[in-house]
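Below, chains carry the letters A, B, ... as their sequence lines are ordered, and counting in each starts from 1. Scope of the values below: all heavy atoms of this structure, side chains included, with no hydrogens, waters or symmetry mates. These figures come from a predicted structure and were not determined experimentally.
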Amino acid sequence: MAIKKFVVGNFTDEEVLFPAVKRVRSAGYKIHDVYTPFPVHGLDHALGLKQTQLHTAGFIYGITGTTTALCGISWIFDVDWLMNIGGKPHIPLPAMIPITFELTVLFAAVGMVYTFCWLCALAPGVKKHVFNPRSTDDTFTMVIECTEHTNTEEVKAFLSTVGAADINVQHAEAGWWWGTYDKEQVLYKEELV
Amino acid sequence: MQKKEHWQSFGQKDGSEAFNQLAKDEFQESLPVVSPDEGLFDAKAPRRDFLKYLGFSTAAAALAASCEMPVRKSIPFLNKPEDIVPGVANYYATTFVQDGDMIPVLAKVRDGRPIKIEGNEKSTITKGVTNARVQASVLSLYDVNRVRNPKEGKGNEPTFEAIDKKIAQALAGNGSKPIVLLTSTISSPTIKAAIDDFTKKFPSTRQVTVDAVSYSGLLQASEAVYGKRAIPGYRFDKAKVIVSIDADFLGTWVSPATFARQYAEGRRVTDANLDMSRHFQFEGTFSMTGANADERYTFKPSQTGAVVLALYQALGGSVSAPALTEQRLKDGIVQAAKELKAAGGNALVVAGSNDKNVQIVVHAINELIGAGGKTIDWTGTLNYRQGIDADMVKLVDDMNAGSIGALFIFGPNPVYNYYQADKFKSGLAKVPLTVAFAQVEDETATLCQYILPVHHYLESWGDAELKPGYVSFLQPTIAPLFKTRAFATSLLKWSGNDKDYENYFKEYWVAKLGGIDAFDLALQAGISEPAQEPAIGTAAFNSGPVSAATSALAQAKAGGQVEVVLYQKVSIGDGALANNPWLQEMPDPVTRITWDNYAILSPALAAKMNIHAGDHYEVEIGKPTVSVKVGDKTYKLAAIIIPGVHPDVIGVALGYGRDPKIGLAGGGIGQNAYPLVGYDGTGFTYAATDASVTAAGDTYKIAQTQLHNVYEGRTSVIKEATVGTFRESPDIFRQMDKELEEEYGDNFRENGTLYKDEDVYDRFGIAWGMSVDLSACIGCGACVVACNVENNVPVVGKIQVAKAHEMHWIRIDRYFSGDMENPDVVFQPMMCQHCDNAPCENVCPVNATNHSTEGLNQMAYNRCIGTRYCANNCPFKVRRFNWYDWLGADSFPDNQKPLVEEGWIDPILNDMNDPLSRMVLNPDVTVRGRGVMEKCSFCVQRLQEGKLNAKKDSRPLRDGEVRTACAQACPTHAIVFGNANDSSSEIFNLRKRENKNRVYYALEELHVLPNVNYLAKVRNTERKVGMEKEA
Amino acid sequence: MSLLKYESTLREPLVDGDKDYHQVSEDICRPIEVKPLKSWYVGFGISVLLLLFGVYSIYRDVTYGIGQWNLNRTIGWGWDITNFVWWVGIGHAGTLISAILLLFRQGWRTGVNRAAEAMTIFAVMCAGQFPIWHMGRVWIAFFVMPYPNTRGPVWVNFNSPLLWDVFAISTYFTVSLLFWYSGLLPDLATLRDRAKTKFRKFFYGLTSFGWSGSTKHWQRFEALALVLAGLSAPLVLSVHTIVSMDFATSVIPGWHTQIFPPYFVAGAIFSGFAMVQTLLIITRKVLRLEDYITIGHIEAMNKVIVMTGSIVGCAYLTELFIAWYSGNPYEYDAFYKYRIAGPYVWAYWTMMTCNVVSPQLFWSAKLRRNIQFTFIMSVVVNIGMWFERFVIIVTSLYRDYLPSSWSTFYRPTIWEVGFFMGTIGLFFTCYFLFAKYFPVIAVAEIKAVLKTSGENFKRGMEGIEKESVDEFVHKHAPSEHGH
């Protein structure tokens, strides 16, 4: 990604945030993202985000686990290592159920969590720009992305009309990079007007 | 013409210096040497070397990581001795001789080491039977406590020559003072001859024979009424009615193994032939023989005379018997008499008493019922015991009088087992010259001036005459391990004969058998017997002494509060083999207790002392103790409650309380009861008729392998019935299966599995099977010890047995049934049942146990991780877990030693892990490490060997070619093993034809399909037995 | 769309006191950002000592052999597996609360799920010790892993319940861990952004995986939570079902019963909730979180306890009934002669009193809402559940089919006890660290329910219940035409 210029507006109450989101979008501004301290239901719709496909992935992982278990056990007992164990047949289906189930769950769960982390770029050592430290506490931070011919002042003004507090402009890396939060990294030279 | 020269380079062409130099060096480039300061990659040709180093380090790492076993050196034969093929066993015929008992055996020798004893089937007397003591005797060869050099006094260890000189001088200076050879029974013609030679040289010599547990009463009685000082040749196989008055002839009396075989032959039943002998047992305590009796009655030792007389009277003997109070006992005697009469001579009465008078009356009884010539053989009398007590007593007096010049002790151990040990000791001190010929430094040997170590029987030449004309030979199976010398060799040397015993013996028999070839053949066969068996002989009966005897018995004085019976345990006997861990750990057939002696008493007597056989008594290891007082002697012993013991009788086993010096196994175990032995003027008495007993209050830890005594009416475990019932309704045992069907549904067998329809595993070829006949099993424990020897089953010691950590692969469960006053006993050998639907196999997470195509439930020790789930899930509880590193096979070397120091396990483990003791291990069987589960394998190593032999000469396996150790050791042929698919095999025949009505499988309702079947127990009695009785 | 979130005022608030979002973060994060109390150091020290004792006990067993335990040829499992099942049982509450209660939309779970899940994970860690160290040859424990190897084709036995255990326990541990940690991310981010010290910035920066609170992430986050919950719910039930099969699939009377799976699961929830009570009652006091873990929470869990306790009681009675009704002599003996009577009678009746009788007291609301009483009960229940496992394992094994093999009285040795103490040490060591360095309550989730179930917000709602429908609609209808 690249370093971009953002106008950041903060809201203290989701009840104010919702109409604001609608109006900012209808005004044609591009909302880069809204950072909230907890999941605000419906906000993803308001922002026009697509439904996530994570569960589909989970289903596929699960099926993979099931087949792995069934094929693995059958192959081992009936092909690779035929053996008389307590006079049981070589493919004792009832005995295969527990492991099959466990592997299904294991594959699905692990797969999904990895996918989740991958999609959200979550990993130890991943660092992202924090537009407002309180956005993980009690503030809902709306970040509007500016293009070279965006009039930041106009945006700020507009934001204040929809109820945002301490509105400011930030130049920030829009994506993520490797780093730790204990040291400030200067990723770019300020070129203020 | 000149040979054309090809050259590779100009250098070679004109043989330049440089070229020759090069040609000389084999390696054209020098190997790289990495000096510390320069790194690996600065070295020459780093790539290849890097790979070398990499390869090496990987290999090294792999080695280091995977190397579990410590490295042990093995030295190959420089040049192979003839007749030793490494890995192939040789069998040598020899003879087990132990205080009087003689059993022809074969010693299995692997790579020069005898590792197993098996019966010699050529002998017509024993027909190849053995017993526990025979099986265990091989370990005594490797006993770490054996005397390793001749010793003089304390400490210094001179040579035989030095000692010979000194003794020669001493004997020369002895003058006319009597020289006494104090021996246990010697039945060896050659040793006898050597003694005669010695006596010729020193005329003042006299031989005194003493047996630790004496039979002189019987010997003198025979002498009195038949003029033969001998034990009559009993034939239990010929007897239809057997009455035993306190004679434990299956366990400890005279030659139990032989008698057990005869007994079993007289009682073997099939569906077709149900006539088995009747066995009456009259006794005070509870012997193994009593446990096998059809009718059992109890009496007090003080009543012995009365009982014998009553029987004599009931048979029409003209005596007035003193009154017996117990009604049941009286009835029993009458009943016994009735049947003895009816048997028309095919009957036999034996008595265990050492009282001459008792034995005279018993002889009279046998005359009365016409046993002589039918069940009692007077030509083939038995040489097993010859000791005369009076001689011994006289000797001790003479010693104390100081009239004995020299005392040579070979065999006996009076300081331990003479009834007045102190008197003997003081006498010993007064004898100028005392020499002990001993294997271990026992109580007596340590007090003698000289100890001359003698061979173990597996190291020695020799012979033993079981009965006239029937000789069995000894030959060395291994070179003497220590500086030992035969007893006879010493005698020969001192009597001025330069020959040693080996040649003396050889010449004797070459002459006797007529030629060296005959001798070699005899040696090879191990025996020399008459061509055809002489008929059972009679002898003239002189009724003179009878009246005297009867009147003497009639005046027997009454006993005291309680009476103490001194008995021998089947395992330890008189105590000579007490230092044998295998015998110590073999559970007593009746009490199921190891490693100790104790007071066995009846529930009634215990209750008097407020000791009750409840749950608490059962599950606690510490048993309440009682103090038994006889005269001025008091013994504090654990009270072991055994139903069926006479309410006024306490049984205490002889053979314990040996001196700690004799070794860790026997030393200091239990208490010595020999001081309780009495002397009645003619013979020793093995009972104290006037004793008192009180509860001592505290408890004492007992190592018992079976705590619960009854089978709780579980007829799918034990099936028994009377001959009568079985004759009337041959399907009685099938009816018992019906009960199962009532409980578990008509087709519980089909419903026993999820996979009814699947028929995955048809058995082609071999299907190993075993059958155990509960009617034939007498519980002697020969199979248990045989299994230990064959399969390297570790000894765990008392502490661990008490924790139920014993490792025996086969055990003999003993159950009492019927009323608890006079219970019936059934013995059930229990080993891995090799179930085809084995519960243990299903639950092992790593497949360490699984099923072979031949029906074996097999263990892969290397794979076992020790979760113990298989043992939990085994309905028969036959799986054994290696709780500790019993045999030094662990990845952590010597890690049992700290535990020994902390007292978690017995020091005996250190002995068993001694390199000497380990020589007994069977190289064909893995030594299991700690944390591994193990169990009966059906002696798979033997099965494989048999199959390979069959394969080598490309023929099918013959029936009886392979036998498990237990089946082979069993003196009563109760255990039959073979291929159940082979319709010609004994096991097949027995299951499908001969005994199919008695066949049953333990816990059949579980549908685990065992490959071991049992034959239900039938008792030859009119009483109701087993469940009938309890119902 | 309406922004109205409404919950009846009849429901008691899940968060007491006048709280706003910031206050919530403050309350829950404060304990982490200040120095721990003296009592924390004491407790932590004791736990570590216990842990070391356990480590030494295990060292002895591995070096010298399991013979140092008083197990024997008849009783192959004793304290080891008893403790295993006990811990696994305890380890069921957490995931159950977070998964099943999430699916049932039980708002009150938010207060307790974080701590409960942590407890689950630590309990499973403790449980895992026993199957491993009870092995005779633990150094080759890896044999239970099905992997192609150089020992010829040597595979594991898929018929063995012990192998099922391997899969069940490891899966359960992994999934619980993922579930718990994914839930932690936003709160760790909160801590990170509140952090003053360099270390905390670094540590929570690392552990929060760079969570930013982006709306898209929240969307995925919730999807993940929902599916994981959906997976964990049957997983929880399967785990103890499989553990129960260790016994149910065997042939031993007293083990071989079909009732085990539901019976074990109920027992697991029972003991799990009890342990949650024990921990939270202390935690809320020490960390002053009474506003978040309210009496309401405790009562809710007590209700679960009395229900599961009654189920367990039914199971016990059913066992007895079937033992008689089936007419199977072995089972009859096992229950009527050697369990409710015989040498171990005390164990059985301790179990009965603690598990069946005492929880019935919770039918009284007064006792349900009594903190001290609840605390005592929670301990009693866990003692009872320990005895349940002991009874099932030991008193079934010590007298089975062949009376000849019936066992001596089984007492644990010092090293068996030491091993158990060690796991208790491990458990509390972990919990103390958790309570010190992690938010014991899910901050974000509390905030999410704050406006519906917070006390002060409910007060704001009181008016609405009086309003007529028109007013109501007029006031709160989707405001297209703005303000």
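In this structure, C:Thr190 contributes its side chain and A:Thr136 its backbone to a donor-acceptor pair below 3.5 Å. Looking at A:Asp137, its side chain never comes within 3.5 Å of a backbone N or O of C:Arg194 through a donor-acceptor pair. Panel note: side chain C:Lys216, backbone A:Lys50; a donor-acceptor pair is recorded below 3.5 Å. Using modelled atom types, no side-chain atom of A:Glu102 and backbone atom of C:Tyr172 make a donor-acceptor pair closer than 3.5 Å. A distance-only check finds a donor-acceptor pair linking the side chain of C:Trp218 to the backbone of A:Thr36 [under 3.5 Å].
For A:Met96, no part lies near chain C; criterion is any non-hydrogen pair under 4.5 Å. Residue contact with chain C, scored on non-hydrogen atoms closer than 4.5 Å, involves the side chain of A:Leu54 exclusively. Looking at C:Leu226, neither its backbone nor its side chain comes within 4.5 Å of chain A, counting heavy atoms on both sides. In this structure, no portion of A:Val40 lies under 4.5 Å from any heavy atom of chain C. Looking at A:Gln53, neither its backbone nor its side chain comes within 4.5 Å of chain C, counting heavy atoms on both sides.
Ring centroids of C:Tyr21 and A:Phe38 are separated by less than 6.0 Å, placing the two rings close together.
Side-chain atoms of A:Asp182 and C:Phe199, non-hydrogen and from C-beta on, never get closer than 4.5 Å to each other. The closest side-chain heavy-atom distance from C:Phe221 to A:Cys120 is not below 4.5 Å.
Top candidate by heavy-atom pairs under 4.5 Å with chain C, chosen from A:Leu49, A:Ile73, A:Thr12, A:Asn132, is A:Ile73.
Annotation for A:Thr180 and C:Leu206: closest pair CG2-CD1, 4.4 Å, computed over non-hydrogen atoms. The heavy-atom pair separating A:Phe77 from C:Val156 by the smallest distance is CE1-O, 3.8 Å.
By the 6.0 Å and 45° rule, C:Arg192 stacks over the aromatic ring of A:Tyr181.
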